[in-house]
Amino acid sequence: QAQLVESGGGLVQAGGSLRLSCAASGRSFSNNVMGWFRQAPGKEREFVAAINWSGDSDYTDSMKGRFTISRDNAKNTVFLLMNSLKPEDTAVYYCAARLSRTKFISQFPSQYAYWGQGTQVTVSS
């Protein structure tokens, strides 16, 4: 049974940094696109970043230059380094993985088959 487990969330001051981790188990995701989404209260889940197995990545424009997605296929883990955090970054952050072996980096949640339970990120002023 495939599982994704996020960790690394917490409370941080504005301008600070957090590093989120997503550990996969049950199967290898080395040939799958993996991504991060977030959902704030009262808002729909939105795309944050994703990365394919060859290292190609995509980000929401507001994240570029602040967030960095990376992966360690040997450890079946994907990371999201978040720098210069802002209060508007406050949300539950979810790790997700696509099922099909495609290099296309989708920004739509419906294209991702596996999801973690999420980790809360709260950025205070």
With sequence neighbours excluded, tell me which residues meet side-chain contact (heavy atoms from CB on, under 4.5 Å) with V12.
L18, L85, V123

Distance (rounded to the nearest 0.5 Å) between D58 CG and I69 CD1:
9.5 Å

Sorted by chain and number, sequence neighbours left out, salt bridge (Lys or Arg N to Asp or Glu O under 4.0 Å) with K75 holds for none

Are more than 12 heavy atoms, taken from residues, nucleotides or ligands other than E88, located less than 6.0 Å from that residue's CD atom?
yes

Tell me if a side-chain donor or acceptor on R45 pairs with a main-chain N or O of P109 at a distance below 3.5 Å.
no

Is there a donor-acceptor pair under 3.5 Å between the side chain of N31 and the backbone N or O of W53?
no

Heavy-atom pair with the smallest gap, counting every atom of L80 and A49:
CD1-CB, 4.3 Å

Write out all pairs satisfying disulfide (SG to SG under 2.5 Å) with one or both partners inside residues 60-90, taking only residues at least two apart or from two chains.
none

Applying salt bridge (Lys or Arg N to Asp or Glu O under 4.0 Å), name anything that partners D89, two or more places apart in sequence or on another chain.
R38, R66

From CG (N73) to OG (S28), nearest 0.5 Å:
7.0 Å

Would you list the pairs meeting side chain to side chain donor-acceptor pair (under 3.5 Å) in which at least one residue belongs to residues 1-19, sequence neighbours left out?
S17-N83

About how many Å separate OH of Y59 and CZ of F47, when rounded to the nearest 0.5 Å?
9.0 Å

side-chain contact (heavy atoms from CB on, under 4.5 Å) filter on S70, not counting sequence neighbours, yields F79

So if you build clusters from Ile, Leu, Val, Met, Phe, Trp, Tyr with side-chain heavy-atom gaps below 4.5 Å, do F67 and W36 land together?
yes

Just how far is it from atom OG of S30 to atom CG of D72, taken to the nearest 0.5 Å?
11.5 Å

Do V78 and V92 share a hydrophobic cluster, counting only Ile, Leu, Val, Met, Phe, Trp and Tyr and linking them when any side-chain heavy atoms are less than 4.5 Å apart?
no

Neighbour count above 12 (heavy atom, 6.0 Å) for R27 CZ
yes

How close do A50 and I105 get, heavy atom to heavy atom, and via which atoms?
CB-CG2, 3.2 Å

Could you pull out the closest heavy-atom pair between G35 and Y112, with the gap in Å?
N-CE2, 4.1 Å

In terms of hydrophobic clustering (I, L, V, M, F, W, Y; side-chain heavy atoms under 4.5 Å; direct or indirect links), are V48 and L20 co-clustered?
yes

Heavy-atom side-chain proximity of M82 to Y93 below 4.5 angstrom
yes

S54: partners by side chain to side chain donor-acceptor pair (under 3.5 Å), with sequence neighbours left out:
N52, D56

Which residues satisfy the ring pair (Phe, Tyr, Trp, His ring centres under 6.0 Å) test with W115, sequence neighbours excluded?
F37

For the side chain of T60 and the backbone of S62, is there at least one donor-acceptor N/O pair under 3.5 Å apart?
no

Considering non-hydrogen atoms only, spot the tightest contact between A14 and S125 and give its length.
CB-CA, 4.4 Å

Contacts of K86 meeting side chain to side chain donor-acceptor pair (under 3.5 Å) (sequence neighbours excluded), chain-then-number -> none

With T122 via side-chain contact (heavy atoms from CB on, under 4.5 Å) - residues at least two apart
L11, T90, Q120

Quick one: ring pair (Phe, Tyr, Trp, His ring centres under 6.0 Å) partners of Y114, sequence neighbours excluded?
F29

Looking at CE of M34 and OG1 of T77, how far apart are the two atoms once the value is rounded to the nearest 0.5 Å?
8.0 Å

Who are the side chain to side chain donor-acceptor pair (under 3.5 Å) partners of Q117, not counting sequence neighbours?
none

